Amino acid sequence: LRRCRMAEGCMMALRYGMVFFNLLFWLGGCGILGVGVWLSVTQGNFATLSSSLPSLSAANLLIAVGTIIMVIGCLGCVGAVKESRPLLLTFFILLLLIFFLEILSIMLFFIYQDEIDHYAQRDLKKGLQLFGTEGNVGLTNAWMIVQTDFRCCGVTNHTDWFEVYNATRVPDSCCLEYSDNCGLDNPGTWWTAV
């Protein structure tokens with residue numbers, strides 16, 4: 001009888017622990033989703049730096065990840081409260097699937113790191129070609145913000161812009177001290193790679 005009560009107490013503690021963990025998981029998903037929506041609304045005119053994957057922006061990634069976390073957290077929480085085996089099984093299968101996908105992604109990233117780096121640089125340089133063109137306000141603004149905030153110029157260095165402008169000049173966001181048309185000045189006034 002005493003062992004039965006102890007087992008019930010352990011199961012109850014496990015159940016409440018599971019509900020608490022999944023509630024935190026769900027709230028974390030809500031927070032990530034909220035930040036994604038906030039970024040999408042407030043930074044809506046800013047696009048991604050990638051010209052080939054325009055929907056791959058920080059806001060869209062946060063919205064997708066937040067939604068997935070919320071759904072999984074909700075499954076776990078409801079499954080624990082209702083003691084529903086199908087819901088809990090689905091929850092654990094999804095967690096296991098995400099875990100294996102993360103491991104696979106990490107392995108593929110390290111195996112193909114050089115190819116990924118080469119592709120990313122090529123794609124970013126393609127994005128430079130669209131800088132300042134009609135219909136690419138978001139991409140232009142994103143490049144200006146990145147260069148200003150990270151104190152950099154271009155993908156690898158300031159010479160990336162020479163191909164874009166067909167001249168020895170850079171956008172004003174590359175300047176150490178911003179002023180109109182400072183990108184036409186002396187290269188000593190531009191951000192350079194350290």
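In what follows, residues are counted from 1 in the order of the sequence shown. All values derive from a computational prediction rather than experimental measurement.
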How long is the span from the CG atom in Leu108 to the CD1 atom in Ile116, to the nearest 0.5 Å? 7.5 Å
Does Leu94 belong to the same Ile/Leu/Val/Met/Phe/Trp/Tyr cluster as Leu87, with side-chain heavy atoms less than 4.5 Å apart forming each link? yes
Roughly how far, to the nearest 0.5 Å, is the CG atom of Leu88 from the NZ atom of Lys82? 12.5 Å
Using a 4.5 Å cut-off on heavy atoms from C-beta on, say whether the side chain of Leu33 contacts that of Met70. yes
Between Cys153 and Cys174, does the SG-SG distance stay under 2.5 Å? yes
Do Ile106 and Phe110 have side-chain heavy atoms sitting under 4.5 Å apart? yes
Hey, could you give me the CG/OG distance between Leu75 and Ser84, rounded to the nearest 0.5 Å? 9.5 Å
State, to 0.1 Å, how close Gly154 and Gln147 come at their nearest heavy-atom pair, and which atoms those are. N-OE1, 2.8 Å
Roughly how far, to the nearest 0.5 Å, is the CG atom of Leu95 from the CZ atom of Phe91? 4.0 Å
With a 4.5 Å heavy-atom cut-off, do Lys125 and Thr156 have their side chains touching? yes
Classify the ring geometry between Phe162 and His158 as parallel (under 30°), tilted (30 to 60°) or perpendicular (over 60°). perpendicular
For the student: nearest non-hydrogen atoms of Arg15 and Glu83, plus distance: NH1-OE2, 2.6 Å
Taking Leu62 as the starting point, is it possible to reach Trp38 by hopping between hydrophobic residues whose side chains are less than 4.5 Å apart? yes
Donor-acceptor pair, Trp191 side chain versus Cys175 backbone, under 3.5 Å? yes
Under 3.5 Å donor-acceptor, Ser40 side chain and Gly36 backbone: no
Ile69 CD1 to Phe25 CZ distance, which is reported to the nearest 0.5 Å: 5.5 Å
Nearest 0.5 Å, please: how far is CZ in Phe109 from CG in Asp117? 8.5 Å
Within residues 61-113 or reaching into it, pairs that qualify as disulfide (SG to SG under 2.5 Å) - sequence neighbours excluded: none
Flag the pair Ile72 / Ile98 as yes when at least one side-chain heavy-atom distance between them is below 4.5 Å, and no otherwise. yes
Heavy-atom side-chain proximity of Trp143 to Leu124 below 4.5 angstrom: yes
Short question: side chain of Asp123, backbone of Tyr119 - any donor-acceptor pair under 3.5 Å? no
